[in-house]
Amino acid sequence: MKREMRPNGRTTPVPPLGPAAHRRLAKPRGVVPIGGSPSRPAWCMSGIMCAPAPAPRDAPAWPLVLGIETSCDETACAVVDGTGTVRAEAVLSQLDEHAPFGGVVPEIAARSHLEHVDRLMTRVMTQAGATYGELDGVAATAGPGLIGGVMVGLMTAKAVALAHGKPLLAVNHLAAHALTARLTDTVPFPYLLLLVSGGHCQILVVEAVDRFRRLGTTIDDAAGEAFDKVAKMLGLGYPGGPAVERWAARGNAGRFAFPRPLKGRPGCDFSFSGLKTAVRQAAESLPPGPFAEADLADLAAGFQAALIDSLGDRLEHGLQAFTASHPEGRHLVVAGGVAANSALRAALLARAEAHGLALVAPPPRLCTDNAVMVAWAGIERLRQGLIDPLDVAPRPRWPLDPHAPPAGGTRPPAPPAGEAGTKA
Ligand code: KG4
Ligand code: ZN
């Protein structure tokens with residue numbers, strides 16, 4: 001039986017959703033008090049939630065899961081089934097609302113999620129041709145992210161779960177990015193993961209649905225954050241990654257001698273602030289006034305090449321550690337918004353092949369934030385019986401590997417037996 005960490009820090013046994021649980025759920029029942037009982041799963045907080053019966057667990061498409069993503073500036077909903085078929089999905093970008101501020105404004109983001117999530121959810125359910133009663137679970141990003149937005153999505157999922165008697169699946173946003181490669185390419189565990197998004201830059205070994213071992217993280221900026229800050233500096237708008245990539249394609253990466261932070265140092269940690277400063281200094285050294293197009297392209301190309309080179313250097317250490325500790329591993333996976341960058345994907349392909357690994361890079365639309373990955377992570381959790389109680393708390397911070405040392409630190413001794421794999 002799986003154990004889940006409750007918000008109060010105690011672990012509570014959570015029954016896997018086996019056929020017996022389904023039979024129990026199929027029986028309509030009266031409203032029962034919150035708190036759980038031997039005849040009622042701990043996550044089941046209302047009698048009205050226990051009908052109608054979901055699809056049998058051995059049906060090929062089991063389970064059918066609704067996913068909700070609201071952790072940053074995209075409101076997204078999706079319905080995905082156990083075969084990996086995306087029955088419906090929708091992503092509503094808030095770009096226009098944040099653009100005047102040059103970055104995401106948390107309060108604007110939360111209000112916008114609140115305004116749109118219900119409509120989006122209704123739309124994907126209609127497009128999927130599914131009723132809420134036919135769902136096998138409701139998944140939402142429960143962190144890490146901007147807390148106002150996370151609360152909106154998680155509360156919405158809780159409401160649906162409670163009203164329709166469905167298991168709630170509180171998904172870690174980073175785990176959702178990490179597990180996407182299993183949806184797109186059925187990648188088996190273990191695999192090495194380069195997670196590069198707007199808020200995170202990490203190298204992890206993915207050992208199981210809920211077991212991650214972090215080998216390195218960033219000391220300062222995340223890779224996507226560096227793209228966004230450099231884009232802002234160059235007047236390219238937000239989000240910066242796609243704009244920098246477009247300009248870089250036309251530029252000469254060798255014109256400016258930008259540093260490769262931490263290159264040659266041991267370990268898998270990253271740093272990008274020195275690179276960012278070097279780009280600023282190079283931009284300031286140019287004639288005043290608007291940038292000439294060639295200068296802009298060369299700055300973007302030089303920055304992107306240095307960042308990719310730096311990522312590759314740090315990843316090299318990760319690849320060596322992974323192939324030594326997990327010789328059965330066959331895949332390098334790249335995930336998160338920056339994984340949409342085609343120059344990065346090309347560089348990673350060569351590195352993976354040099355170590356005898358296959359590179360798996362999900363399609364760009366599944367690299368940036370979306371709800372398909374949240375629904376899929378929910379499917380993976382449901383299959384393991386990792387169901388969450390309806391009082392699960394939203395988490396602004398939620399490390400995938402709670403025992404990882406801080407950036408630049410060394411790993412502490414292994415936790416006591418039984419604790420490994422629980423959520424931080
Ligand atoms: O995963 P994501 O959509 O949101 C977070 O969880 O942070 O990642 C967004 C980040 C932004 O910083 C954006 O500039 C970057 O991904 N990004 C890119 C590209 N597309 C998105 N960075 C480089 N090249 C791209 N093509
Ligand atoms: Zn993300």
Side-chain angles (χ1 to χ4, degrees), residues 67-76 78 91-95 98-99 102-104 106 109 113 140-147 149-150 153 171-181 193-202 204 217-218 221-234 236-249 251 270 272 275-276 279 300-301 303-311 333-348 361-374 376-377 396-398 400:
I68 302 174
E69 159 59 37
T70 55
S71 66
C72 192
D73 58 346
E74 267 101 16
T75 314
V91 181
L92 190 69
S93 170
Q94 302 174 356
L95 265 186
H98 299 289
V104 180
H113 289 308
T141 296
L146 301 174
I147 193 66
V150 173
V171 167
N172 180 311
H173 179 87
L174 305 177
H177 277 304
L179 297 170
T180 302
L193 172 71
L194 175 65
L195 178 57
V196 273
S197 70
H200 296 86
C201 188
Q202 304 181 0
L204 300 126
T217 187
T218 183
D221 292 337
E225 194 179 356
F227 267 103
D228 294 337
K229 287 178 176 171
V230 163
K232 192 170 180 181
M233 211 183 278
L234 302 181
L236 298 181
Y238 177 86
V244 169
E245 182 176 10
R246 275 194 302 278
W247 280 95
F270 304 91
F272 298 112
L275 171 58
K276 205 177 54 190
V279 177
F303 160 74
Q304 181 176 277
L307 185 135
I308 291 174
D309 206 15
S310 177
L311 283 176
V333 171
V334 62
V338 182
N341 185 289
S342 41
L344 173 63
R345 293 158 86 103
L348 295 179
R365 72 182 178 82
L366 292 181
C367 290
T368 48
D369 286 351
N370 65 87
V372 171
M373 67 180 191
V374 177
W376 178 255
R397 291 181 177 277
W398 187 358
L400 282 178

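Indexing begins at 1, ligand by ligand and atom by atom, following the structure's order. What you are looking at is a predicted structure, and each value in this text was computed from that prediction instead of being measured.
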Problem set entry | Gap between atom CZ of Phe270 and atom CG of Leu307 - 0.5 Å precision | 9.5 Å

For this session: Would you check if the side chain of Glu225 reaches a backbone N or O of Ala222 as a donor-acceptor pair within less than 3.5 Å?
Result: yes

Exercise. Got Glu74 and Leu92 here, is their nearest side-chain heavy-atom distance under 4.5 Å?
Worked result: no

Problem set entry | Which atom of Asp369 approaches the Zn ion (ligand 2) most closely (N/O/S) | OD1

Exercise. Taking the side chain from Asp228 and the backbone from Pro239, do they hold a donor-acceptor pair closer than 3.5 Å?
Worked result: no

For this session: Look only at the side chain of Arg345 and the backbone of Ala339, and say whether a donor-acceptor pair between them is shorter than 3.5 Å.
Result: yes

Exercise. Can you tell me if an N/O/S atom from His173 lies under 2.8 Å from the Zn ion (ligand 2)?
Worked result: yes

Exercise. For ligand 1, what is the set of protein residues having any non-hydrogen atom at a distance below 4.0 Å?
Worked result: His173, His177, Ser197, Gly198, Gly199, Gly224, Phe227, Asp228, Pro239, Gly240, Gly241, Pro242, Glu245, Gly336, Gly337, Val338, Ala340, Asn341, Cys367, Thr368, Asp369

Exercise. Can you name the residues that form a side-chain hydrogen bond (donor to acceptor under 3.5 Å, both in side chains) with Arg246, not counting sequence neighbours?
Worked result: none

Problem set entry | N/O/S from His177 sitting under 2.8 Å away from the Zn ion (ligand 2) | yes

Exercise. Quick one: does Asn172's side chain have a donor or acceptor within less than 3.5 Å of a partner on Trp398's backbone?
Worked result: yes

